[in-house]
Amino acid sequence: MPKYDHKKTEKYWQAKWLKEKIYEPDLKSPRGKGKFYNLMMFPYPSAEGLHVGNVYAFVGSDIYGRYQRMRGYDVFEPIGLDGFGIHSENYALKIGKHPADQAKISEKKFYKQLRAIGNGFAWDEKLETYDPEYYRWTQWIFIQMFKHGLAYRKKQAVNWCPSCLTVLADEQVIAGECERCESKVIKRELEQWFFKITDYAERLLNNLDKIDWSEKIKIAQRNWIGKNTGALIGFKLQATSYKIDVFTTRPDTLFGATYMVLAPEHELIRQLKPQIQNWSGVETYINTAKAKTTEQRIAEGKEKTGVELKGVMAVNPANQKEIPVWVADYVLTGHGTGAIMAVPAHDERDAEFAKKFGLPVSDAPLVDNEEIIKKVGGQKITNYRLRDWLISRQRYWGPPIPMIYCDPPAGGCNWQPVPEEDLPVVLPKVKDFRPTGTDKSPLASVEKFYQTKCPKCGGPARRETDVSDTFLDSAWYYLRYPSVKDKKTPFGPAITKTWLPVDVYIGGAEHAVLHLLYVRFVAMALHDWGLVDFSAKGGEPATRFRAHGLLISGGAKMSKSRGNVVNPDEYIKKYGADVLRMYLMFLGPFDQGGDFRDEGVAGIVRFINRVWSLKEKIASQDSLELNRPLHKSIKKVSEDIAELHYNTAISQLMILSREMENGFSAEQLEIFLKLLAPFAPHITEEIWHSILKNKESIHIAPWPEYNPKLIADEMIDFIIQINGKARGVVTLAQNSTEPEVSAAAQTNANIKKHLADKTIIKTVFVPNRLINFVI
RNA sequence: GCGGGUAUGGUGAAAUGGCAGACACGCAUGGUUUAGGGCCAUGUGGGCGCAAGCCCGUGGAGGUUCAAAUCCUCCUACCCGCACCA
């Protein structure tokens with residue numbers, strides 16, 4: 001028997017599928033049971049190529065899509081590249097290539113690899129975020145944000161990555177480090193573009209209850225949004241017209257407030273300068289504090305520092321007592337109001353501070369929150385931890401922010417959006433694309449780029465030279481896929497209405513408060529502007545999201561520095577895509593991830609070879625004994641795929657393949673192959689055609705249905721327990737009654753032995769399962 | 001500190017409250033016209049036993065139940081998210 005030639009077979013079928021477009025849905029009017037949008041997070045081509053962790057994710061998503069296609073849905077499983085942005089640019093910088101040139105190289109390589117894994121991608125709808133036809137619409141979304149008041153400029157202390165030489169959004173700072181390069185992030189006071197995601201905080205939170213998303217993602221988002229209800233309370237300052245507003249979740253501790261603290265960045269401090277008797281000391285403290293990085297502030301731990309604002313006294317509205325005001329960097333700007341009332345009796349941090357600086361501690365009577373707020377004229381408010389999304393990047397490789405600044409000395413029209421008909425604002429291919437390290441992008445030195453006319457007054461004006469965050473590119477890509485050939489609109493209304501929202505979205509949990517938050521925000525905004533219509537879930541982009549687990553290697557996260565990155569190419573070359581797919585899925589539950597070790601691959605290789613040898617053993621008649629295991633497998637495999645429990649589905653197929661060695665007909669083999677097809681698309685297709693002589697692809701053949709009559713067991717092994725311990729088994733007809741089972745059980749020699757000289761106090765009978773004698 | 005998760009053989013892992021360890025790797029023994037990292041069969045949690053069978057066993061300590069890996073309480077270890085968040 002010729003050995004299975006995976007190289008030849010896989011190459012042949014991949015080409016054929018592409019040519020015959022069997023994975024292309026009818027986007028205009030979905031066939032069969034209707035549309036099924038099967039989305040997976042598209043990769044960012046940042047390194048040498050696709051790594052096996054990507055393959056793990058894509059295959060897991062593909063199995064689900066293939067299952068739905070065979071069940072009769074018109075499945076849309078698109079693919080693209082998130083190739084714009086810092087990650088791709090950093091890689092280009094590292095290897096000394098221009099990002100635009102490198103993008104073309106990566107594109108070729110990634111697409112080649114993505115074809116080799118045998119997924120049912122809709123290749124006709126592929127997209128790349130760096131394609132001007134794509135980012136034209138990314139820019140258009142920015143303009144819509146601006147027009148609806150959701151894009152604005154603000155000067156504030158922002159996260160700056162000293163290695164990537166750009167600002168970052170809060171979501172992209174992980175434990176004080178840059179999400180991309182793990183450098184310590186510092187704070188810089190800069191004016192930047194922001195998206196007002198905070199306007200959607202409440203909806204982003206509430207909608208979580210309506211969508212079927214992995215619970216851990218929901219929890220992470222809830223924590224990130226960080227809703228807090230409390231009170232805003234004003235403290236008047238003695239002998240001035242100023243007051244300090246503080247946010248507190250514990251208004252009942254107001255009586256215990258013995259001093260106040262302002263963050264060093266608090267604006268009021270400068271305004272109070274005339275009153276502050278020790279101004280030079282205060283100023284020195286503020287400057288020192290501002291110079292510290294977030295990292296330093298945290299590193300200093302609980303050692304509190306601070307300076308009193310001498311000459312300034314606040315009045316506690318609860319008891320009219322005068323209390324001193326301090327400035328200290330343990331109070332953070334941007335959290336709450338940047339000012340606190342200190343209650344040492346109820347707050348550990350305040351207690352430490354008070355102890356160190358000898359401030360009085362007075363315990364306070366606990367009073368009802370509502371009453372207190374009313375009494376002191378405070379107001380109940382809700383505070384969120386979520387910050388606005390900082391969208392500017394001082395980098396080259398991204399979509400230029402489509403805004404024009406008309407300076408007051410000229411027309412004075414201030415910020416104007418680029419007219420939509422002038423989009424895209426094309427990113428010029430410039431020689432010097434390196435980040436500058438100033439607060440400007442490399443485009444700021446390209447005169448030809450930034451010199452323009454004000455779209456409003458026609459006077460000389462300057463383009464924004466920053467580009468937008470990569471996460472804006474990926475925040476709407478799923479909307480573009482169905483409309484990728486549409487040159488007039490970003491997402492055609494009819495086709496969007498047909499295909500959206502996404503039916504199942506699969507991706508990594510590391511995007512819980514990055515991409516997965518942004519994508520929801522942008523969808524909601526578009527929905528509110530009437531641009532997309534999938535209102536059932538309040539503008540949610542995906543009804544279902546499942547996070548896959550992390551694939552590690554040798555017990556550690558795959559990373560280039562550890563040298564444990566597994567390249568899928570060699571495995572595909574050696575064993576074939578079918579084996580790699582099944583091996584990855586057999587490692588464990590898909591949502592749990594796994595450790596990639598070579599050892600287990602042999603089991604799958606053996607299985608695939610066994611499947612290949614089945615074709616020699618086809619009998620002319622159905623094997624009646626096979627019907628029960630076959631139909632049980634249909635049920636088990638279907639249910640397992642629906643739950644993404646691919647490991648147990650594969651295990652069932654292995655069991656079934658053993659059963660088949662006792663004989664089967666061509667029709668029975670067809671059923672087996674269909675069940676296996678989502679996991680091993682090539683070998684099943686090969687046998688389906690060359691041996692079973694089918695004309696159409698197995699991947700669009702109908703999924704088998706099980707016959708409930710065939711799976712019911714006629715004979716049941718009843719477990720016989722004594723005091724809950726299994727002591728024997730008796731095989732009786734299905735639905736045998738308690739007296740029947742009891743009588744049969746008591747003829748069992750071992751049971752007799754245990755029951756000798758004992759009285760049965762109680763008998764527990766579970767139909768078709770067990771009988772338990774309590775003695 | 002807060003929130004979430006995980007803990008089962010030598011290994012990856014299965015198990016609607018109902019025979020713990022399916023399936024697979026590895027290992028052992030035997031077979032095979034097996035050059036090979038091939039294929040087939042059997043066995044494989046620990047202990048006692050020729051066997052039938054018995055005892056112990058799902059991180060630890062309790063509890064609920066006829067019956068617990070599974071439910072409850074407390075504890076331990078590890079992983080993830082958030083964090084001087086007022």
Side-chain angles (χ1 to χ4, degrees), chain A residues 3 174-176 215-226 228 230 246-250 253 257 261 263 294 297-298 300-304 328-332 334-343 346-350 352-353 383-385 509-510 512-513 549-550 552 557 582-583 586-589 591-607 609-610 613 645 647-658 661 717-729 749-750 753-754 760-766 768-775:
Chain A
K3 241 191 131 188
I174 314 290
E215 202 53 36
K216 59 190 219 180
I217 303 293
K218 291 190 184 184
I219 291 163
Q221 293 205 354
R222 278 189 199 108
N223 289 343
W224 187 259
I225 295 165
N228 240 329
V246 303
F247 174 78
T248 176
T249 53
R250 297 284 309 273
T253 63
V261 187
T294 321
R297 282 201 194 180
I298 294 166
E300 283 165 10
K302 297 212 151 132
E303 189 54 38
K304 303 274 182 288
D329 67 3
Y330 81 93
V331 173
L332 306 175
H335 296 303
T337 61
I340 61 156
M341 60 171 197
V343 189
H346 291 280
D347 186 289
E348 206 184 312
R349 293 155 303 177
D350 294 344
E352 283 164 29
F353 189 81
N383 197 34
Y384 298 92
R385 211 196 72 94
E510 69 275 16
V513 293
L550 187 67
I552 59 172
K557 202 170 165 173
M582 291 193 73
Y583 169 64
F586 191 56
L587 280 175
D591 61 1
Q592 226 174 78
D595 196 343
F596 190 98
R597 299 168 194 265
D598 281 1
E599 297 117 50
V601 142
I604 302 291
V605 172
R606 284 175 195 147
F607 172 74
N609 286 334
R610 208 156 57 233
S613 67
H645 293 163
N647 56 331
T648 48
I650 291 171
S651 146
Q652 185 62 39
L653 289 166
M654 287 171 167
I655 294 167
L656 182 58
S657 77
R658 294 283 187 191
E661 280 169 3
D717 286 342
F718 285 86
I719 303 150
I720 314 166
Q721 295 184 340
I722 291 173
N723 287 345
K725 280 185 194 280
R727 295 297 180 189
V729 173
N750 197 38
K753 198 176 90 192
H754 280 276
I760 298 172
I761 303 166
K762 187 177 168 184
T763 304
V764 179
F765 179 70
V766 183
N768 291 327
R769 199 175 285 275
L770 62 78
I771 187 155
N772 185 15
F773 300 113
V774 184
I775 55 173

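Treat the numbers as computed from the prediction; the structure is a model and nothing was measured. In what follows, every heavy atom counts, from backbone to side chain, and hydrogens, waters and symmetry copies are set aside. In the text below, chain A, chain B and the rest are named by the order of the sequence lines, each starting its count at 1.
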Watson-Crick or G-U wobble partner of [N], both distances under 3.5 Å:
N: B/U58; value: none
N: B/C85; value: none
N: B/C48; value: B/G53
N: B/C39; value: B/G31
N: B/A67; value: none
N: B/A22; value: none
N: B/A14; value: none
N: B/U76; value: B/A7

Mind listing the N/O atom pairs, protein and nucleotides 21-27 of chain B, below 3.5 Å?
unit_1: B/C23; atom_1: O4'; unit_2: A/S651; atom_2: OG; d: 3.3
unit_1: B/C25; atom_1: OP1; unit_2: A/R606; atom_2: NH1; d: 2.4
unit_1: B/C25; atom_1: O2'; unit_2: A/E599; atom_2: O; d: 3.4
unit_1: B/G26; atom_1: OP2; unit_2: A/R606; atom_2: NH1; d: 3.4

Reckon [X] touches a base, only the sugar-phosphate, or nothing at all at heavy-atom distances under 4.0 Å?
X: A/N750; result: sugar-phosphate
X: A/N383; result: nothing
X: A/I340; result: base
X: A/H754; result: sugar-phosphate
X: A/R727; result: sugar-phosphate

[atom1] gap between [N] and [M], integer Å:
N: B/G30; M: B/A69; atom1: C1'; result: 36 Å
N: B/A51; M: B/A67; atom1: P; result: 32 Å
N: B/G46; M: B/A35; atom1: P; result: 35 Å
N: B/A52; M: B/U64; atom1: P; result: 36 Å
N: B/C19; M: B/G12; atom1: C1'; result: 24 Å
N: B/G60; M: B/C54; atom1: C1'; result: 27 Å
N: B/A14; M: B/G62; atom1: P; result: 29 Å
N: B/C66; M: B/A61; atom1: C1'; result: 24 Å

Should [X] and [Y] count as side-chain neighbours, where that means a heavy-atom distance under 4.5 Å?
X: A/F773; Y: A/H754; value: no
X: A/T248; Y: A/M341; value: yes
X: A/D591; Y: A/H645; value: no
X: A/I650; Y: A/F607; value: no
X: A/S651; Y: A/N647; value: no
X: A/K753; Y: A/R727; value: no
X: A/K218; Y: A/Q221; value: no
X: A/V605; Y: A/Y583; value: no

Quick check on B/G30: syn or anti? Syn means the glycosidic torsion is within 90 degrees of zero.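 B/G30: anti.
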Without decimals, in angstroms, what is the distance between [X] [atom1] and [N] [atom2]?
X: A/L587; N: B/A14; atom1: CG; atom2: P; answer: 11 Å
X: A/I219; N: B/G5; atom1: CD1; atom2: P; answer: 6 Å
X: A/I552; N: B/C78; atom1: CD1; atom2: C1'; answer: 13 Å
X: A/N768; N: B/C19; atom1: CG; atom2: P; answer: 14 Å
X: A/I722; N: B/G53; atom1: CD1; atom2: P; answer: 13 Å
X: A/R250; N: B/A86; atom1: CZ; atom2: P; answer: 11 Å
X: A/E352; N: B/A86; atom1: CD; atom2: C1'; answer: 14 Å
X: A/D350; N: B/C84; atom1: CG; atom2: P; answer: 15 Å

Within the distance-only criterion (no hydrogens, no angle test), does the side chain of [X] pair as donor or acceptor with the backbone N or O of [Y] below 3.5 angstrom?
X: A/D350; Y: A/V343; value: yes
X: A/N772; Y: A/G724; value: yes
X: A/N723; Y: A/I775; value: yes

Taking the side chain of A/N223 as heavy atoms from C-beta outward, which of B/A13, B/A86, B/G3 is closest to it?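 So the side chain of A/N223 is nearest to B/G3.
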Would you list the protein and nucleotides 65-68 of chain B atom pairs, both N or O, that sit under 3.5 Å from each other?
unit_1: B/C66; atom_1: OP1; unit_2: A/K762; atom_2: NZ; d: 3.4
unit_1: B/C66; atom_1: O2'; unit_2: A/N772; atom_2: ND2; d: 3.3
unit_1: B/C66; atom_1: O2; unit_2: A/N772; atom_2: ND2; d: 2.5

Residues in ring pair (Phe, Tyr, Trp, His ring centres under 6.0 Å) contact with A/F353, at least two apart in sequence or another chain: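 Testing A/F353 for ring pair (Phe, Tyr, Trp, His ring centres under 6.0 Å), a comparison that skips the adjacent residues, returns A/Y259, A/W326, A/Y330, A/F357.
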Of A/D717 and A/M341, whose closest RNA chain B nucleotide lies nearer the 5' terminus?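 Nearer the 5' end of the strand: A/D717.
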